[in-house]
J.: 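Below: one structure in structure tokens.
All residue numbers refer to positions in the sequence shown, counting from 1. All values derive from a computational prediction rather than experimental measurement.
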Amino acid sequence: MTVSLSFPRVGDKQNSPQFEDYLGQLLNERDRIGLTEAIRQIDALMITVEPSHAVAYLAELCVMTPYHYLVTLETETHYTHILRIDMSAPDILVREVKDPNVRGIFRSLNEVYPIGAVKPNSRYMGEVLRVTDPHAVVDMQKARDIRFFNQEQIRKLELPGNMAVVKPSPYTHNIVAYWERPETDIRVYALGWSSIRDDMQAAYEAAKATQKRLGIDTLLLPIDHLATRIYSQNREAAILEYLTLTSYYFWGAYDIEDQNSSTNVTKSVHYANELECPAKVFTAANHPYFMNHLLTESPTEAFVRNFGPRLHHVAVAVKDGETAELANIDFVVNSLRDCGQKFLLDVIGSKEAGLKQIFSSASEYSSLIIEYVQRFGGFQGFFTKDNVAELTHAAGVEESLRELQAEAQA
């Protein structure tokens, strides 16, 4: 039996006694009833964008990441574009609504926030998890009062019919879906009509040609982690909820006091290598926004108040080593900058510290930031406290986000 509490804890963030108590109870019971064993890796990530934005977003992703365009699935009101690296890394499902006036639950999660409402159809939706017995997993989760969309609701939302989909979290506004797939089988999504669209294929081929010309095509690795931003008061509940929905464990947390923020990490109990199953990070302010005038303003809380709780960035790993006498991450960033890609800061960290990191500017199409991270010499740590502090600050002054905020308040 997997023992989810056997992993060492890192970091310096102090949790409440109640959190520690519930953490032990939840993980012990999850292990005991077999839920931890039944829930495996993340098989796919779901992102939705505005009408007509999918081609440009696919091109952006195919330059900045190792993903490839596979196929488009068409339903009555949506296109779903499938991006894949290989079967060892999760797919990305880019969901594009055809009519900008189509309304639904995912749009409503954006519309109550001033900047989220500017692009009401653009948001990260959540993860699809592979499970070994979907009926048993759903039954066990329903016994915990986890709520699922029924099949008619899934049909109306035009989500794949071979998934059991949990309703959006009140803490992160993300969803989790379960599906059964033998590990040796390819991923097949039960959704609509399948085709390879000429415009998507042309954008993909041009993006990969650019990537190859820059010499970065062999340096980019799969996703390392996914980082969600949430309200300060929901930090512990969001972490415990995600551990209930998945087979992850609490790796630890760092307190970034001068940014009024903490970074909290969960990781898969089954896959030590994040490139096979990305870590899930939760960033939250230490104190709510109305304490800013007494303490320190939090870029994290400001982001959540403007966009709503949501995924903030996707971290892509960079191959260890050097190219043209530069660390690979520096070579990648310099190459992309030469093509016009903006970044929030210079590459931070060092080989001596064990890793280097950087944030891109937010995507015009999804509002998501791409982080690049390079670990040196088999470094096992997730980040350094100094790096996190600099990244948190940089995200708080992100130019396009500030422009959107000014636009929303005009």
J.: Just checking, is any N or O donor in the side chain of Glu241 or Ser169 under 3.5 Å from an acceptor N or O on the other one?
T.: yes

J.: Could I get the full list of salt bridge (charged side-chain N to carboxylate O under 4.0 Å, His left out) partners for Glu180, not counting sequence neighbours?
T.: none

J.: Going by distance alone, is a donor N or O of one side chain under 3.5 Å from an acceptor N or O of the other, for Asn15 and Glu20?
T.: yes

J.: Got a sec, which residues hit salt bridge (charged side-chain N to carboxylate O under 4.0 Å, His left out) with Asp31, two or more places apart in sequence or on another chain?
T.: none

J.: Does Lys208 come within less than 4.0 Å of Glu205, counting only side-chain N to carboxylate O?
T.: no

J.: Hey, is Glu274 close enough to Lys280 for a salt bridge, meaning N to O under 4.0 Å?
T.: no

J.: Could Arg197 and Tyr79 be counted as a cation-pi pair, given that NZ or CZ must be under 6.0 Å from the ring centre and within 45° of the axis?
T.: yes

J.: Would you confirm whether Asp133, through its side chain, and Ala136, through its main-chain N or O, come within 3.5 Å as a donor-acceptor pair?
T.: yes

J.: Assess the pair Phe343 and Phe359: is the distance between their ring centroids shorter than 6.0 Å?
T.: no

J.: Ignoring hydrogens and angles, state whether a donor on the side chain of Arg30 or Thr36 is under 3.5 Å from an acceptor on the partner side chain.
T.: yes

J.: If you measure from CG on Asp185 to CZ on Arg187, what distance do you get to the nearest 0.5 Å?
T.: 11.5 Å

J.: Any donor-acceptor pair under 3.5 Å linking the side chain of Gln374 with the backbone of Gly321?
T.: yes

J.: Output, in order, the C-alpha distance, side-chain angles, deciding distance and verdict of side chain to side chain contact (heavy atoms under 4.5 Å, CB included) for Phe307 and Ser367.
T.: CA-CA 9 Å; Phe307 280 90; Ser367 299; 4.0 Å; yes

J.: Between the side chains of Glu301 and Arg305, is the shortest nitrogen-to-carboxylate-oxygen separation below 4.0 Å, so that they form an ion pair?
T.: no

J.: State, without any angle test, whether Thr300 and Thr283 hold a side-chain donor-acceptor pair at a distance under 3.5 Å.
T.: no

J.: Are Phe7 and Tyr248 close enough that their ring centers fall under 6.0 Å?
T.: no

J.: May I have the step-by-step check of side-chain hydrogen bond (donor to acceptor under 3.5 Å, both in side chains) for Asp320 and Asn328, ending in yes or no?
T.: CA-CA 7 Å; Asp320 191 12; Asn328 283 338; over 6 Å; no

J.: Roughly how far apart are Leu93 CG and Leu45 CG, rounded to 0.5 Å?
T.: 8.5 Å

J.: Please walk me through it: do His312 and Phe303 pass side chain to side chain contact (heavy atoms under 4.5 Å, CB included)?
T.: CA-CA 9 Å; His312 176 262; Phe303 176 89; 3.7 Å; yes

J.: Rounded to the nearest 0.5 Å, how far apart are OG of Ser4 and CZ of Arg32?
T.: 13.0 Å

J.: Passes side chain to side chain contact (heavy atoms under 4.5 Å, CB included), Leu368 versus Leu311? Steps please.
T.: CA-CA 7 Å; Leu368 290 171; Leu311 198 76; 3.9 Å; yes

J.: Under 3.5 Å, is there a donor-acceptor pair linking the side chains of Gln141 and Tyr178?
T.: yes

J.: Tell me, please, which residues at least two apart from Glu74 pass salt bridge (charged side-chain N to carboxylate O under 4.0 Å, His left out).
T.: Lys98

J.: Could you walk me through whether His78 and Arg95 pass the side-chain hydrogen bond (donor to acceptor under 3.5 Å, both in side chains) check?
T.: CA-CA 7 Å; His78 290 83; Arg95 174 181 160 100; 3.2 Å; yes

J.: Are a donor atom and an acceptor atom from the side chains of His81 and Tyr69 found within less than 3.5 Å of each other?
T.: no

J.: Mind checking salt bridge (charged side-chain N to carboxylate O under 4.0 Å, His left out) for Glu352 and listing every partner two or more places apart, or none if nothing turns up?
T.: none

J.: Does a side chain donor of either Arg310 or Thr172 reach within less than 3.5 Å of an acceptor in the other side chain?
T.: no

J.: Could you tell me the separation between the OH atom of Tyr67 and the CG atom of Leu61, rounded to the nearest 0.5 Å?
T.: 9.0 Å

J.: Crowded around Lys351 NZ? As in, over 12 foreign heavy atoms under 6.0 Å?
T.: no

J.: Please report the interatomic distance CD1(Ile216) to OG(Ser335), rounded to the nearest 0.5 Å.
T.: 6.0 Å

J.: Does atom CZ of Arg9 have more than 12 heavy-atom neighbours, drawn from other residues, nucleotides or ligands, at distances under 6.0 Å?
T.: yes

J.: Under 3.5 Å, side chain of Thr210 to main-chain N/O of Ala206, donor-acceptor pair present?
T.: yes

J.: Would you check if there is a donor-acceptor pair between the side chains of Thr77 and Glu158 at a distance under 3.5 Å?
T.: yes

J.: Would you name the heavy atoms of Pro278 and Leu226 that are closest together and state the gap between them?
T.: CB-CG, 4.3 Å

J.: Charged N to carboxylate O below 4.0 Å: is that the case for Asp43 and Arg130?
T.: no

J.: Are side-chain N/O atoms of Asn264 and Thr266 paired as donor and acceptor at under 3.5 Å?
T.: no

J.: Do Asp91 and Tyr189 have side-chain atoms, one donor and one acceptor, less than 3.5 Å apart?
T.: yes

J.: Determine, stepwise, if the pair Thr244 / Arg144 fulfils side chain to side chain contact (heavy atoms under 4.5 Å, CB included).
T.: CA-CA 9 Å; Thr244 299; Arg144 286 158 182 71; 4.0 Å; yes

J.: Taking atom types as modelled and ignoring hydrogens, do the side chains of Gln41 and Glu276 form a donor-acceptor contact shorter than 3.5 angstrom?
T.: no

J.: Flag the pair Lys356 and Asp330 as a salt bridge only when some basic side-chain nitrogen lies within less than 4.0 angstrom of an acidic carboxylate oxygen.
T.: yes

J.: Return the set of residues passing side chain to side chain contact (heavy atoms under 4.5 Å, CB included) with Tyr113 (not counting sequence neighbours), or none when no residue passes.
T.: His173, Tyr231, Pro309

J.: Report yes or no: do Glu60 and Ser363 form a side-chain donor-acceptor pair below 3.5 Å?
T.: yes

J.: Within a 6.0 Å radius of atom CZ on Phe376, are there more than 12 heavy atoms belonging to other residues, nucleotides or ligands?
T.: yes

J.: Which value, rounded to the nearest 0.5 Å, describes the distance between Ile370 atom CD1 and Ile358 atom CD1?
T.: 12.5 Å

J.: What verdict does the side-chain hydrogen bond (donor to acceptor under 3.5 Å, both in side chains) test give for Thr263 and Tyr254, after you've listed the backbone C-alpha separation in whole Å, the side-chain angles of each residue and the deciding distance to 0.1 Å?
T.: CA-CA 5 Å; Thr263 297; Tyr254 282 97; over 6 Å; no

J.: Would you tell me whether Gln153 and Lys156 have side-chain atoms, one donor and one acceptor, within less than 3.5 Å of each other?
T.: no

J.: Is the CD atom of Gln14 crowded by more than 12 outside heavy atoms at less than 6.0 Å?
T.: no

J.: Does Asn28 use its side chain to pair, donor to acceptor, with the backbone of Gly24 at less than 3.5 Å?
T.: yes

J.: Can you list the residues that meet the side chain to side chain contact (heavy atoms under 4.5 Å, CB included) rule with Glu50, with sequence neighbours excluded?
T.: His53, Lys119, Pro120, Asn121, Ser122

J.: Where is the tightest heavy-atom contact between Tyr57 and Val94, given as atom of each residue plus distance?
T.: CD2-CG1, 4.1 Å

J.: Is the backbone of Glu127 close enough, under 3.5 Å, to the side chain of Asn174 for a donor and an acceptor to pair up by distance?
T.: no

J.: Is it true that, when you exclude Asp198 itself, more than 12 heavy atoms of the residues, nucleotides or ligands shown sit nearer than 6.0 Å to its CG?
T.: no

J.: How far apart are the closest heavy atoms of Leu275 and Ala317, and which atoms are they?
T.: CD2-CB, 3.6 Å

